[in-house]
Amino acid sequence: MSEDSKNKATFNVPIGPVHPALKEPILFTFKMDGEMVEEVDFAPGKCHRGIEWMGMRRNPVQIVHLTDRICGICGVSHSLAFAKAVEQIAEIEVPERAHYVRAIIAEYERIQSHLLWAGVAAHELGFDTLFFLAWRVREESMDVIEYLTGNRVNYGIIQVGGVRRDFTEDQFPRIEASLQYYEDIAGKLLNLFLEDKTIQIRCKNCGVMSKREALELCTVGPTARASGVAMDVRYDSPYAAYGDLDFAPVLPHQYLGLTNGDVYDRIVVRLLEVVQSIDLIRQCLANMPPGEVLWEKKYPKILAACKKATGEAVGRVEAPRGECLHYVRMDGNPNPQTWKVKASTYSNQMSWLKMLKGEQIADIPIVVASIDPCMSCTDRVAVVRHGRTDILTKADLHRLSVEKTRRLAQWS
Amino acid sequence: MRLTKAFNRSLWVFHLNTGSCNGCDIEIVATLTPRYDPERFGIKLVGSPKHADVLLVSGPVTRAMADRARRVYEQMADPKVVMGIGSCMSGGVFYDSYNLVGPLEEHIPVDVFVPGCPPRPEAIIDGVVKAIAKLERLEGEGK
Ligand code: SF4
């Protein structure tokens, strides 16, 4: 230690790639100057399953089930983006009612995903009570999703040409009950997350990204909106039922009066989007037209239409984490000739490099989590200091984070 | 459940993601939250495999993670049990991928499989109960 302070040598901290509750195990390397992060590098790809490659050997009706499993949290966004691209190529017209069903389930997905994130963020700060509360509240949306689609995760409801299940009138009371539940508890959640002193001191002015940087780094979704970029695929190029709904992108200044682009603003945006989703689902329920929900009930006919199709298309969807984009090219074969997926975390990843620079080691978990990469926290850190290796476990990192919270709480 | 003398401590769990779609991981965390609350029985997630009795593995074992799975397994103290969570453990929907080296049991011994894509939290808890029984037997045998 004494040597460190004398010559101020930087040291490297590799983190990963084994992370609990993480979509993509990632290897981070932090170049540290004392407590300060000087440089960040990361190597994703540990989770590569070759989904696109597999998809190019399957037909579109099979692929929608594969898209569900790209990500277990925002599976609907992926299947929706893929189905949209294929529908455009094959000129399949989706029934009006299916658009509404798609919007409803996409909004439920957003509610559960944002609450999941809010819980993880609270856990990173050492606020486990709030973590458990957020996940307890989230179970309500999981129940409704299960009630409507038959599964808690990987709903398998989207199909090329519509949806596989209709939401019927007799299901509406249950949906309305859950919306009522969320409406009642939203104020409490906003109060707990936003007015709490601990959260404020840890999240304000932490991991800041300006609007300009957000644009330059091509961030998407809540990460970009928290920096003041009014960008939302649902609003900018409406799909499903969003064209008929009345809403606008959520920006932090609507609540706070100003935009800082820090971690706190990202919490604000996500929580307000939960509130917005309640309203959007209500609007969908009120305006749902009657009719079919699938272009063609017989799957072989859908397949035949896909097989005949030639051309290329892009399907864009606002996933809970931001824009999710699928590019598909069909060339008259049952399987697509090309299928390319760009998930939202892919666009947001690069902002880590900017946000983490100059932050302290204890801030790494919350800043990394703030873009919602489904990463709860790191599992194992090896600090290599002059050839000597100290192993910092996830628990140690977590402890550092908790200690910082306590320290700050004492000072203020 | 009566905990035998052989098994007289809480069950600590380490979770390893070997390239899963996150569906199983989220259900594992959901299992640990108040709705199901297995912490009543002392079951909790820990941050290091060295502290764990049970290794929960989710995901289809990608090429990059196979070696890590082995290393994590080796770091755990005996007696230990391994639980495989999710159907894609043995390929499942990803059966024909080029980057998967599963199934898991080719890399580390697996004691309990919990099928489902993803399995419900109740199913995971049921799997843990089976793991406890196995651990008790292992301890009884002095392994
Ligand atoms: S079993 Fe299904 S839900 Fe679980 S990780 Fe595999 S694909 Fe995802």
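Every chain is numbered from 1, with letters handed out A, B, ... down the list of sequences. Heavy-atom basis, side chains included; hydrogens, waters and symmetry copies ignored. On a predicted model such as this, the values are computed, not experimentally measured, just so you know.
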Subject >> Region of B:Leu56 in contact with chain A, defined by heavy-atom distances below 4.5 Å >> reply: neither

**OP:** Go through the atoms of A:Glu146 and report whether side chain, backbone, both or neither lie under 4.5 Å from a heavy atom of chain B.
**Re:** side chain

Original post:
Side chain, backbone, both or neither: which part of A:Leu133 has a heavy atom under 4.5 Å from chain B?
Top reply: neither

Original post:
Is there a donor-acceptor pair closer than 3.5 Å between any side-chain N or O of A:Arg138 and the backbone N or O of A:Gln112?
Top reply: yes

Original post:
Parallel, tilted or perpendicular: which describes the rings of B:Trp12 and B:His51, with under 30° parallel and over 60° perpendicular?
Top reply: perpendicular

Original post:
Looking at B:Pro121, B:Ala69, B:Cys24, B:Gly59, which makes the most heavy-atom pairs under 4.5 Å with chain A?
Top reply: B:Pro121

**OP:** Compute whether any side-chain donor of one residue and acceptor of the other, for A:Ser113 and A:Arg321, lie under 3.5 angstrom apart.
**Re:** yes

**OP:** Heavy-atom distances under 4.5 Å only: say whether B:Cys88 touches chain A with side chain, backbone, both or neither.
**Re:** neither

**OP:** Tell me, for A:Arg69 versus chain B, whether the close heavy atoms (under 4.5 Å) come from the side chain, the backbone, both or neither.
**Re:** both

Original post:
Is A:Lys340 salt-bridged to A:Glu52, cutoff N-O under 4.0 Å?
Top reply: yes

Original post:
Taking 4.0 angstrom as the limit, do B:Asp96 and A:Arg58 come out as a salt bridge?
Top reply: yes

Subject >> chain B contact via A:Asp68 - side chain, backbone, both or neither, heavy atoms under 4.5 Å >> reply: neither

Original post:
Are a donor atom and an acceptor atom from the side chains of A:Gln159 and A:Arg164 found within less than 3.5 Å of each other?
Top reply: no

**OP:** Heavy atoms only, distances under 4.5 angstrom: which of B:Pro60, B:Ala30, B:Ser58 has the most pairs with chain A? Name it, please.
**Re:** B:Ala30

